[in-house]
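A short worksheet on the structure shown next.
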Amino acid sequence: MSDVKSLEKKYELAWDKYSEKDVKKVFALSDDYIDFISKCKTERECVKEFITLAEKNGYKNIDTYINKGNKLKAGDKVYASNMGKTLALFLIGSEPIEKGFKILGAHIDSPRLDLKQNPLYEDSELALLKTHYYGGIKKYQWVTLPLAIHGVVVKKDGTIVNIVIGEDEKEPVVGISDLLIHLSADQMKKTVDKGIEGEDLNVFIGSIPVEDKDAKDRVKLNVLRLLNDKYGIDEEDFVSSELEVVPAGRARSYGLDSSMVMAYGQDDKVCAYTSYAALMNTKQTDKTCIVLLVDKEEVGSIGATGMQSKFFENTVAEVVNLVEDYSELKVRRSLTNSKMLSSDVSAAFDPNYPSVMEKRNSAYFGKGIVFNKYTGARGKGGCNDANPEFIAELRDIMGKHNVSWQTSELGKVDQGGGGTIAYILAEYGMQVIDSGVALHNMHAPWEISSKADIYEALKAYEAFLLEI
């Protein structure tokens, strides 16, 4: 008779299986990831850095093939960028394109504060910037923090000016004030949601006036002078800018044992980074491998750079045309026959807040990559519900490659929920499941991940690209 206990599924800590050599690999990967996410806080910064690194690994802009009329062959590596905020990387396989793709998809936008079109004003001899929050945030978390400004300003002549303020330790930071506790009796009676209103998220940026005492808004004018001296921009240029207010400073190791990472924007740059790294570690393939990194997921995947745009489908059509004789049917078959890991973060069980989680179906730090059969909210509304045949295939692959994995759903059934880009890709008929790294503090200015889970995510993505 078989051991009854062997019939149970236990999700063990990945740390328990690591040798000393493995632990060094875990920490080395996280060190590289910390460097990346400290530097790449916006979508544009991510795309620029990924392209730089990809070109060092032999990837070429697909436009070079399109413009010269050259064909793609097995082993070729190309990328396509959409407005500098979305990126698709292709490793061409040896099998016919209509056999389908192996796709790792993630998003590279994160919750933040965006400057309004006309943000700069003066009040009480202080200069401030008006903001509009982007994505789901708890507004009270963004006050009294050191903040930085990242983005671009595009001048009327088309010149793009890159802006980064507050990251160099020798530079000043900016921030949003909060009401002192001594005068907050009325504020403290409000709900958490109403304690800080969206229109009160105004960023303080200056208090020194220009010398001309007869001028109006002297502090605002001094700020404009500083910006013009350093970046050559004026107030009207804000209208054609894309400036994001984000937490200032580097990501850090977290915990006395340095077992975790604290960083802004891990939703979903932790999955984007590991997906990208997995592709770079893949040297050859049967089916064509794709890493797709998109914008606008936090606001519904809409717009020209979101997953609902035609960028990905159009780029696939270009690849088909460069590999084989083009036909619309081949494009449709290639997408339908594809399999995808929609790589997005999940919520890790937090013992400080156990009431919103269902322990048997929660993710835990250190137990590996998380597979979410379905997302959505309350009755699976808006979910992509992965097929069990696909899940069984993934279970087999994870087992073959000794990948630590777990399953989860986002909190108790009636508590809330969320979504990813999975349902959009599933509309093509391909097999898609959500997978990624579990976080604490999701959507907060500083999110927490487990270094073991980052490492297991990379292993899982490598195994997927190799075996699927």
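Any value given below was found using the heavy atoms of this structure, including those in side chains, with hydrogens, waters and symmetry copies removed. Numbers here are sequence positions counted from 1.
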For salt bridge (Lys or Arg N to Asp or Glu O under 4.0 Å), just list the numbers for Lys269 and Glu447, CA-CA rounded to whole Å, side-chain angles, deciding distance to a tenth of an Å, and then say yes or no.
CA-CA 11 Å; Lys269 297 178 183 70; Glu447 299 168 318; over 6 Å; no
Name all residues meeting the side-chain hydrogen bond (donor to acceptor under 3.5 Å, both in side chains) criterion together with Asp385; count only those two or more places apart in sequence or in a different chain, and write none if there are none.
Lys373, Lys380
Side chain Ser110, main chain Asp267, donor-acceptor under 3.5 Å:
yes
His150: which of Glu244, Glu45, Glu242, Lys41 passes side chain to side chain donor-acceptor pair (under 3.5 Å)
Glu45
Are any of the side-chain heavy atoms of Met340 and Ile421 separated by less than 4.5 Å?
yes
Specify whether Phe101 and Phe90 have parallel, tilted or perpendicular ring planes, treating 30° as the upper limit for parallel and 60° as the lower limit for perpendicular.
perpendicular
Once side-chain hydrogen bond (donor to acceptor under 3.5 Å, both in side chains) is applied, do any residues pair with Ser334, and if so which ones, sequence neighbours excluded?
none
Give a yes or no on this: more than 12 heavy atoms of other residues, nucleotides or ligands lie within 6.0 Å of atom CD of Glu358.
yes
Heavy-atom pair with the smallest gap, counting every atom of Tyr428 and Glu313:
OH-OE1, 2.9 Å
Give a yes or no on whether Glu55 atom CD has more than 12 heavy-atom contacts from other residues, nucleotides or ligands under 6.0 Å away.
yes
Might you work through the salt bridge (Lys or Arg N to Asp or Glu O under 4.0 Å) test for Glu211 and Arg225, ending with a clear yes or no?
CA-CA 12 Å; Glu211 296 83 356; Arg225 181 170 63 183; 3.2 Å; yes
Reported NZ-to-CZ distance for the pair Lys39 and Arg250, which is rounded to 0.5 angstrom
10.0 Å
Side-chain contact, heavy-atom cut-off 4.5 Å: Ile369 with Tyr461?
yes
Results of side-chain hydrogen bond (donor to acceptor under 3.5 Å, both in side chains) for Thr305 - residues two or more places apart only:
Asp295
Decide yes or no for Leu341 and Phe371: does some side-chain heavy atom of the first lie under 4.5 Å from some side-chain heavy atom of the second?
yes
Minimal heavy-atom distance between Val164 and Tyr231, with the atoms involved, is O-OH, 3.4 Å
Side-chain touch Lys220/Glu235, heavy atoms, less than 4.5 angstrom
yes
Would you say Tyr133 has more than 12 foreign heavy atoms packed within less than 6.0 Å of its OH?
no
Is there a salt bridge (Lys or Arg N to Asp or Glu O under 4.0 Å) between Lys230 and Glu171 once you walk through the steps?
CA-CA 13 Å; Lys230 185 169 184 178; Glu171 284 184 336; 3.0 Å; yes
Parallel, tilted or perpendicular, as decided by the 30° and 60° cut-offs, for the rings of Trp15 and Phe27
tilted
Geometric class of the Phe36/Tyr273 ring pair [parallel <30°, tilted 30-60°, perpendicular >60°]:
tilted
Suppose we call two aromatic rings close when their centres sit under 6.0 Å apart. Are Tyr59 and Tyr79 close by that rule?
no
